[in-house]
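Okay, structure first, notes after.
Worth saying up front: this structure is predicted, and the values here are computed from it rather than measured.
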Amino acid sequence: AGTQPVPRPYWIGDFRNGDFCQFATVFQSTSVNPNMSSSGYLRTCPQYTPYARDPSQRVHLTKRPRPPALTPSRWASHQEVRTTDGPWFAGNSTDKATIRLTTEQTLNGAFRMGSVRWFRVSFYLPNPGFNWPASSWYTLMDLHHAVADPTGHNSPSIRMTVTPTNGNRRYLALSLDGTRARANYEEVRLFQLTRIDGSRILPLRNRPGQRQRPRSPRPIAPFNRWHTLVLGLRFSDQGRIGDSPGWVRIYLDGKRVYSKARPNVWANETSLWLQLQNYKDHGAAFVGGATSSIIHFADARAGYTLASVSR
């Protein structure tokens, strides 16, 4: 039998040409760049191209950190929000440093209930550099929605967040919901960021005097390394967790961490689009008195199968 061709993603976002043109739109504060539209966005090409490598922008390309191994690009996206900047745009109450796709890019066509899609993205949380609000929500990635859920809730049904929204011990998680708000809510914790005393989880070599307990399981090192998230979905607004035609499968750094039948979009959803974000409430202070937070993204893909977004 002949060798089967390797399935390919239908969309790749790895910045290989040194610009954001694989994406559709860039969002950042109009106080940083007055050439942003009055609603705080520019099309990636050609409008944002002059700013794509400009480090004075809150969204720009960088070669540090180096992208993940085997990625055919030299570039990663730097996305930063600062408390010293104005809000996303005049009259808005959020801070936003985001790159997004259209629905057509995200899904390779129109949204359809029952269809299957897979998404992959690598992200890097620098320490120092990455922070989170002391007592507020914080969104880092989502599949944004066209339809608010029937109760009027206006958050995406799938988003990557820092949780809980207050306290010392924090986690990076995927928040999952579907049909209507809180009816099918789950929080899939990807890894722990801080301990109960609020100290960050760092490699042992970065913690002088700390001794490792024999055979003690090592927590995932959250900072200063690339993580790869793979998300698989069969879209559905029907059923409940454990009994639905839809499903969600999540892999982190090559290991499956979640797989369940469940609804995963709001009732009567009509469209979705992928957003790689650094997004918070404008009035929310960061932990420890920090004045900014940075996240890096690289090597994003979308396809019809797990194999199509895997190496």
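A donor and an acceptor atom, one from each side chain of T161 and T139, are nowhere located under 3.5 Å apart.
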| request: Would you sort out whether V59 and N278 count as a side-chain contact (heavy atoms from CB on, under 4.5 Å), showing the intermediate values? | output: CA-CA 10 Å; V59 179; N278 193 338; over 6 Å; no
| side-chain contact (heavy atoms from CB on, under 4.5 Å) between R117 and L233, intermediate numbers included | CA-CA 6 Å; R117 296 293 187 276; L233 302 154; 5.6 Å; no
| Audit row: K96, Q277, side-chain hydrogen bond (donor to acceptor under 3.5 Å, both in side chains) steps and yes/no | CA-CA 7 Å; K96 193 176 183 79; Q277 301 234 60; 2.8 Å; yes
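Remark: the backbone N or O of L274 is paired with a side-chain donor or acceptor of T106 at under 3.5 angstrom. Under the 3.5 Å distance criterion, the side-chain polar atoms of T30 are left unmatched by any main-chain donor or acceptor of P34. Here the side chain of S308 pairs a donor or acceptor atom with the backbone of T305 at under 3.5 angstrom. Checking side-chain atoms of N264 against main-chain N and O of G178 turns up no donor-acceptor pair under 3.5 Å. Side-chain N or O atoms of Q79 include one that pairs as donor or acceptor with a backbone N or O of A97 at under 3.5 Å.
Note: R170 CZ to T194 OG1 = 7.0 Å, rounded to the nearest 0.5 Å. Atom CD of residue E80 and atom OG of residue S293 lie 8.0 Å apart, to the nearest 0.5 angstrom.
Residues satisfying the ring-ring contact (aromatic ring centres under 6.0 Å, His included) criterion with F15, sequence neighbours excluded, are F20, F23. Contacts of Q22 classified as side chain to side chain donor-acceptor pair (under 3.5 Å), with partners at least two apart in sequence or in another chain: D14. Every residue two or more places apart in sequence or in another chain that forms a ring-ring contact (aromatic ring centres under 6.0 Å, His included) with F111 is listed here: F235. The ring-ring contact (aromatic ring centres under 6.0 Å, His included) search around Y185 returns none, not counting sequence neighbours. Residues forming a side-chain contact (heavy atoms from CB on, under 4.5 Å) with H282 (at least two apart in sequence, or on another chain): P87, D95.
Listed by first and then second residue, the disulfide bond (SG atoms under 2.5 Å apart) pairs that reach into residues 25-123 are C21-C45, sequence neighbours excluded.
Aromatic ring centroids of F191 and H227 lie under 6.0 Å apart. Taking the six-membered ring for Trp and the full ring otherwise, the centers of F27 and W88 sit less than 6.0 Å from each other. Taking the six-membered ring for Trp, W226 and Y124 have ring centres closer than 6.0 Å.
Annotation for V26 and T44: closest pair CG2-CG2, 3.8 Å, computed over non-hydrogen atoms. For A148 against N154, the heavy-atom pair with the smallest separation is CB-OD1, 4.0 Å.
A 6.0 Å sphere centred on CZ of R225 holds more than 12 heavy atoms belonging to other residues, nucleotides or ligands.
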